[in-house]
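Some notes on the structure that comes next.
Bear in mind the structure is a predicted one, so any value in this text is a computation, not a measurement.
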Amino acid sequence: MSAHTSDSKHVLREIRCMRLLGAHVNVVSMLDLFCNDCNDELYIVMELMDSDLHRIIQSPQTLSDAHHRYFMYQLVRGVKYIHAHGIIHRDLKPGNLLVTRNCVLRITDFGLARQRSVAAQGGDPDEDAGPMTQHVVTRWFHIAS
């Protein structure tokens, strides 16, 4: 967990964001956290989900317009909650949207997320949130878009 500085930063950001967000029906929750000092490992225990949206899109299963609308509604609802807490996800993609068998969608993977600055949260919504890296998305996803 501490062998590489960049990996450590991503894990700490993820933990901080998940603790700040607490529980929301469209954001994955952290249930527990423990480490194995002997092997330098950190475990984040989250709720079990059945699949992710990428797998569902790639599967032969057809999705109806009702499925599309329901997934989009949940995604927008989750993003609204995240933004209301001053967090910018920065890596939303189908693989980071977990789904249950009942089509409940939850946003996950806050390793690249950033908290907006305190000044930006209380002030002008268009105000810069501070310096952030320009390239944050998964490389193949960025090139394809």
Under 3.5 Å, side chain of Thr100 to main-chain N/O of Asn102, donor-acceptor pair present? yes
Could you state whether Val11 and Val45 fall into the same hydrophobic cluster, counting links through intermediate Ile, Leu, Val, Met, Phe, Trp or Tyr residues with side-chain heavy atoms under 4.5 angstrom apart? no
Calculate, to the nearest 0.5 Å, the distance between atoms CG and CG belonging to Leu31 and Leu33 respectively. 11.0 Å
Is Ile44 reachable from Val27 through a run of I, L, V, M, F, W or Y residues, each pair having side-chain heavy atoms under 4.5 Å apart? yes
Could you tell me whether a side-chain N or O of His85 sits under 3.5 Å from a main-chain N or O of Ile87, the two making a donor and an acceptor? no
From CG (Leu53) to CD (Gln58), nearest 0.5 Å: 10.0 Å
Holding to side-chain hydrogen bond (donor to acceptor under 3.5 Å, both in side chains), I want the full list of residues that pass it with His67, two or more places apart in sequence or in another chain. Ser64
Got Met46 and Thr108 here, is their nearest side-chain heavy-atom distance under 4.5 Å? yes
Within the side chain of Glu41, is there an N or O that forms a donor-acceptor pair under 3.5 Å with the backbone of Asn36? no
Pairs of donor and acceptor atoms involving the side chains of residues 14-23, under 3.5 Å and at least two apart or interchain, shall be tabulated with distances.
| unit_1 | atom_1 | unit_2 | atom_2 | d |
| --- | --- | --- | --- | --- |
| Glu14 | OE2 | Phe110 | N | 3.4 |
| Arg16 | NE | Gln115 | OE1 | 3.0 |

Determine whether a donor-acceptor pair (N or O, by modelled atom type, separation under 3.5 Å) exists between the side chain of Arg106 and the backbone of Val25. yes
Ile56 versus Val99: any side-chain heavy-atom pair under 4.5 Å? yes
Using modelled atom types only, decide if a donor and an acceptor are shared between the side chain of Ser51 and the backbone of Arg55 within a distance under 3.5 Å. no
May I ask you to check whether Asp52 and Asn96 show a side-chain donor-acceptor distance below 3.5 Å? no
Return yes if some donor-acceptor pair links the side-chain N/O of Arg90 with the main-chain N/O of Leu112 below 3.5 Å, else return no. yes
Report the C-alpha separation of Asp91 and His89 in whole Å, then their side-chain angles, then the decisive distance to 0.1 Å, and conclude whether the side-chain contact (heavy atoms from CB on, under 4.5 Å) test is met. CA-CA 6 Å; Asp91 195 21; His89 189 281; 3.9 Å; yes
N/O donor to acceptor pairs below 3.5 angstrom from side-chain atoms of residues 71-80, sequence neighbours left out:
| unit_1 | atom_1 | unit_2 | atom_2 | d |
| --- | --- | --- | --- | --- |
| Gln74 | OE1 | Asn26 | ND2 | 3.3 |
| Gln74 | OE1 | Leu105 | N | 2.9 |
| Gln74 | NE2 | Tyr70 | O | 3.3 |
| Gln74 | NE2 | Cys103 | O | 2.8 |

